[in-house]
Amino acid sequence: MKNVIEARGIYKSYTLGSTEVPILRGINLNVGAGEIVALMGPSGSGKSTLLGILGGLDLPTSGSILIDGIDITRLPESKLAEIRGTKIGFVFQAYNLVSTLTALENIALPSYFTNGKKKDPNELIEIVGLGHRKNNKPTEMSGGEQQRVAIARALINNPKILFGDEPTGNLDSKTEVKVLHLFQKLREDFGTTIFLVTHSDEVARIADRIIHIRDGKIREVSNHGSHL
Ligand code: ADP
Ligand code: MG
């Protein structure tokens with residue numbers, strides 16, 4: 001299986017006053033094409049920091065990240081932005097939709113800022129089960145619907161990898177299961193690689209692999225097939 005994410009010797013520290021605070025302390029990991037990975041660990045263990053670095057939103061203090069074979073830690077910002085825009089999609093706990101735009105307009109929005117292969121927003125909104133909500137604004141939709149719009153938006157530029165930072169953290173358990181089915185469908189239909197930070201056992205259940213992180217280090221990796 002081809003690796004779409006390779007992290008080599010990732011260290012990250014923040015400087016607080018005159019002290020250097022280590023957050024990530026030597027992370028190595030590979031994620032194969034089409035894998036669903038769950039990253040779990042206590043609050044403050046460095047999950048969001050790692051996700052941001054893997055997705056090119058932030059740089060490590062040392063180490064390298066290969067996305068689809070390209071080392072994104074050694075690129076000029078314009079190149080990095082291009083890779084972020086075309087190979088990577090992000091979903092967060094807060095849906096971060098533009099409140100003045102309709103569901104369909106929100107989904108289409110990132111396509112105006114990048115070149116390359118795009119998906120059809122009308123098709124995506126059907127895939128996430130919201131064909132009847134095209135013209136609704138975010139305030140007219142439930143949390144689960146808004147998150148499904150955010151997921152469709154993250155897919156508009158046809159990314160290889162979808163990163164989620166606690167994407168079901170604000171959803172009730174029934175809605176969570178719907179969103180998880182959607183992630184599984186995306187992997188099946190498009191071969192999307194899905195990397196999710198989560199506290200949820202439900203999310204862990206759909207993962208092929210669960211990576212446990214504590215104090216900035218990987219402590220345990222468990223493999224299992226998905227059972228949802
Ligand atoms: P998690 O997502 O696992 O809860 P985070 O990656 O958000 O953890 O944070 C890990 C640690 O890094 C926390 O102690 C947090 O306070 C610290 N941290 C995160 N971002 C910054 C920053 N920009 N500046 C300083 N410290 C930060
Ligand atoms: Mg976090």
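For ligands, and for the atoms within them, numbers begin at 1 and follow the listed sequence. Side chains included, hydrogens not; waters and symmetry mates left out as well; all remaining heavy atoms used. Every value quoted in this text rests on a predicted model; they were computed, and no experiment measured them. Just so you know, residue 1 is the first one in the sequence shown, and it goes up from there.
Salt-bridge formation is detected for the pair R205/E202: a Lys NZ or Arg NE/NH1/NH2 atom is positioned less than 4.0 Å from an Asp or Glu carboxylate oxygen. A salt bridge between R187 and D208 is present, with a side-chain N of the basic residue lying under 4.0 Å from a carboxylate O of the acidic one.
Atom 7 (O) of ligand 1 has its closest protein heavy atom at S48 CB, 3.7 Å. Looking only at protein heavy atoms, the nearest one to atom 14 (O) of ligand 1 is G44 O, 4.2 Å. Protein heavy atom in closest approach to atom 12 (O) of ligand 1: I23 CD1, 3.1 Å. Of the protein's non-hydrogen atoms, G46 N, 3.3 Å is the one closest to atom 8 (O) of ligand 1. Nearest protein heavy-atom contact of atom 9 (O) of ligand 1 is T49 OG1, 3.8 Å. For atom 18 (N) of ligand 1, the nearest protein heavy atom (residue, atom name, distance) is Y14 CE1, 3.4 Å.
Of the protein's heavy atoms, at least one falls inside 4.0 Å of atom 22 (C) of ligand 1. There is a protein heavy atom closer than 4.0 angstrom to atom 4 (O) of ligand 1.
Transitive grouping of hydrophobic side chains (ILVMFWY, heavy atoms separated by less than 4.5 Å) keeps L66 and L80 in distinct clusters.
Within the structure, the closest approach of P42 to ligand 1 falls below 4.0 Å when heavy atoms are considered.
In summary, of the residues considered (T73, N30, D71), a side-chain hydrogen bond (donor to acceptor under 3.5 Å, both in side chains) with R8 occurs for N30 alone.
Residues S48 and D165 bring a donor and an acceptor atom of their side chains to less than 3.5 Å of each other. Side-chain N/O atoms of E176 and S200 include a donor and acceptor closer than 3.5 Å. Between the side chains of N122 and K134, at least one donor N or O lies within less than 3.5 Å of an accepting N or O. With hydrogens and angles left out, the side-chain atoms of E20 and T15 include a donor and acceptor closer than 3.5 Å. Side-chain N/O atoms of T102 and N135 include no donor and acceptor closer than 3.5 Å.
If you count the protein N, O or S atoms nearer to the Mg ion (ligand 2) than 2.8 Å, you get 1.
Figure legend: cation-pi geometry between K118 and Y112 absent, as NZ or CZ is not positioned both under 6.0 Å from the six-membered ring centre and within 45° of its axis.
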